[in-house]
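Working notes for the structure below.
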Amino acid sequence: YKKIINIWGSDHHGYLPRVKAAMDALGEDTNKFSVVFMQFANLIRGGKKVSMSTRGGDFISLHELVEEVGSEAARFFYINRKANQHLDFDLDLAKEESKDNPLYYIQYAHARICSVFEKLHKDKRSYDESLALNSLEFLEGEKEVKIQKLLAQFPDVVSKAADNYEPHLLCYYLRNLAGTFHSYYNSERIIVDNEKELQAKLFMLSAIRQVIFNGLDLLSISSPESM
């Protein structure tokens with residue numbers, strides 16, 4: 001292998017020099033070996049910390065957590081913070097369908113855009129990308145430019161997250177993009193009578209939908225078309 005990454009609890013920090021010394025003694029290249037140290041997680045239910053004790057055999061397993069909140073919510077909430085930060089995993093929030101639940105908020109943005117194209121189809125209108133590309137002057141407003149700048153950041157966010165082993169950066173980015181889209185959607189009329197303006201807006205919404213899909217796919221999380 002060219003690179004191996006271990007995920008260890010923060011209380012195992014002292015093992016790193018020992019493992020590297022063993023690798024060195026075996027003639028292995030220690031530069032191929034990286035460790036990400038994770039802080040502990042607290043489970044919160046009903047606003048209170050869930051009491052657990054591994055010594056007493058009183059704990060909630062990852063399997064039980066997934067059973068309660070779902071695998072995608074469990075995955076997202078665990079990586080939605082820096083590795084060196086403690087995690088308060090709110091079980092109620094992970095199941096909540098509101099803007100306070102970051103995963104729901106992101107997935108809902110994707111579903112909301114899909115609903116726009118569905119409504120367009122029901123109105124017997126269609127998306128014309130060639131016309132959209134010739135109508136980009138309708139995307140020069142402050143809100144539209146803000147969204148375009150966010151979309152342009154996506155490749156750099158993915159590279160930085162991968163290079164630094166910081167997947168939370170992708171979570172933060174998707175939440176920001178979803179929030180910016182929701183704000184735009186709530187304040188702007190999307191399906192307008194002016195055909196050129198409509199196509200330009202659909203072009204931008206199509207780009208937002210694709211970036212959200214790509215970002216969630218990198219995290220092995222689905223992008224529902226309806227919610």
Side-chain angles (χ1 to χ4, degrees), residues 4-16 19 34-112 150 153-154 157-183 211-227:
I4 185 169
I5 305 170
N6 277 199
I7 311 296
W8 293 356
S10 59
D11 55 332
H12 290 80
H13 201 280
Y15 286 93
L16 181 57
V19 172
S34 296
V35 175
V36 176
F37 289 98
M38 305 292 291
Q39 289 293 333
F40 293 103
N42 295 317
L43 297 184
I44 309 296
R45 181 184 281 117
K48 296 181 179 180
K49 180 180 176 181
V50 178
S51 180
M52 291 187 287
S53 171
T54 52
R55 289 185 179 181
D58 183 19
F59 61 91
I60 296 177
S61 69
L62 181 58
H63 176 75
E64 291 172 310
L65 178 67
V66 170
E67 284 287 314
E68 182 168 346
V69 305
S71 61
E72 293 186 343
R75 181 181 297 111
F76 187 89
F77 272 68
Y78 262 109
I79 60 178
N80 187 34
R81 57 93 168 90
K82 295 180 180 179
N84 61 4
Q85 291 180 332
H86 285 276
L87 168 64
D88 287 333
F89 194 122
D90 192 323
L91 297 168
D92 300 315
L93 180 61
K95 296 180 286 185
E96 192 174 295
E97 295 183 355
S98 75
K99 67 177 182 179
D100 295 325
N101 180 340
L103 178 56
Y104 178 86
Y105 199 53
I106 295 166
Q107 290 180 317
Y108 183 50
H110 184 273
R112 216 173 191 183
L150 264 178
Q153 294 171 13
F154 181 61
V157 171
V158 172
S159 294
K160 187 176 180 180
D163 292 341
N164 298 321
Y165 312 144
E166 295 182 332
H168 69 277
L169 295 177
L170 187 52
C171 297
Y172 290 178
Y173 170 82
L174 292 173
R175 174 67 187 270
N176 189 14
L177 177 61
T180 305
F181 161 73
H182 285 304
S183 177
V211 167
I212 290 176
F213 178 89
N214 290 350
L216 289 177
D217 187 57
L218 285 172
L219 301 175
S220 296
I221 294 175
S222 65
S223 298
E225 294 186 3
S226 62
M227 295 178 70

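Only this structure's heavy atoms are used, side chains among them; waters, hydrogens and symmetry mates stay out. All values reported here derive from a predicted model rather than from experimental measurement.
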*Could you tell me how the ring of Y172 sits relative to the ring of H168: parallel (under 30°), tilted (30 to 60°) or perpendicular (over 60°)?*
perpendicular
_On a heavy-atom basis, which atom in G46 and which in D92 lie closest, and how many Å separate them?_
N-OD2, 2.6 Å
*Shortest non-hydrogen contact between A111 and M227, atoms and distance*: CB-CG, 3.8 Å
_Contact check, side chains of F181 and I212, non-hydrogen atoms, under 4.5 Å_ = no
*Give the minimum heavy-atom separation between S10 and F40, together with the two atoms involved.*
OG-CE1, 3.8 Å
*May I ask you to decide if S61's main-chain N or O and E64's side chain share a donor-acceptor pair within less than 3.5 Å?*
yes
*Is the closest side-chain heavy-atom distance between D90 and L43 below 4.5 Å?*
no
*To the nearest 0.5 Å, how far apart are CG in L219 and CG in N214?*
11.0 Å
*Assess whether side chain to side chain contact (heavy atoms under 4.5 Å, CB included) is satisfied between V211 and L177, documenting all intermediate values.*
CA-CA 9 Å; V211 167; L177 177 61; 3.7 Å; yes
*Between atom CD of E166 and atom CD1 of I79, what is the distance when rounded to the nearest 0.5 Å?*
12.5 Å
*asked:* As an exercise, state the distance from CD of Q153 to CG of N176, rounded to the nearest 0.5 Å.
replied: 8.0 Å
_Residue pair I221 / F76, side-chain heavy-atom distance below 4.5 Å_ = yes
*Please confirm whether the backbone N or O of G179 pairs with a side-chain atom of S183, one donor and one acceptor, at under 3.5 Å?*
no
_Treating Y173 as the side-chain partner and L150 as the backbone partner, does any N or O pair qualify as donor plus acceptor under 3.5 Å?_
yes
*Where do V66 and A74 come nearest, in terms of heavy atoms and distance?*
CG2-CB, 4.2 Å
_Beyond-backbone contact of V158 with L218, side-chain heavy atoms, under 4.5 angstrom_ = yes
*Hey, are the side chains of S34 and N6 touching, using non-hydrogen atoms and a 4.5 Å cut-off?*
no
*State whether a side-chain donor-acceptor pair under 3.5 Å links Q107 with S223.*
no
_Please identify which of these residues, H86, R81, H12, meets the side-chain contact (heavy atoms from CB on, under 4.5 Å) condition with M38._
R81
*Apply side chain to side chain contact (heavy atoms under 4.5 Å, CB included) to the pair K99 and Y108, showing each step before the final yes or no.*
CA-CA 9 Å; K99 67 177 182 179; Y108 183 50; over 6 Å; no
*Derivation of the side chain to side chain contact (heavy atoms under 4.5 Å, CB included) call for F154 and L170*: CA-CA 9 Å; F154 181 61; L170 187 52; 3.8 Å; yes
_Close side-chain approach of L87 and Y78, heavy atoms under 4.5 Å_ = yes
_Value rounded to 0.5 Å, distance of CZ in F37 from CG in L16_ = 4.5 Å
*So which heavy atom on L216 is nearest to which on S222, and how close?*
CD1-O, 3.5 Å
*Does the side chain of L174 reach to within under 4.5 Å of the side chain of Y105, using non-hydrogen atoms?*
no
*If you count the non-hydrogen atoms of other residues, nucleotides and ligands that lie under 6.0 Å from CD in E96, is the total more than 12?*
yes
_Over all atoms of both residues, closest heavy-atom pair of A94 and F77_ = CA-CZ, 3.6 Å
*Which value, rounded to the nearest 0.5 Å, describes the distance between E68 atom CD and L91 atom CG?*
5.0 Å
_Pairwise distance CG(N42) to CZ(F89) - rounded to 0.5 angstrom_ = 12.0 Å
_Apply side chain to side chain contact (heavy atoms under 4.5 Å, CB included) to residues V36 and W8 and explain how you reach the verdict._
CA-CA 6 Å; V36 176; W8 293 356; over 6 Å; no
*Please walk me through it: do H182 and R112 pass side-chain hydrogen bond (donor to acceptor under 3.5 Å, both in side chains)?*
CA-CA 9 Å; H182 285 304; R112 216 173 191 183; 2.9 Å; yes
*More than 12 heavy atoms from other groups under 6.0 Å of NZ on K95*: yes
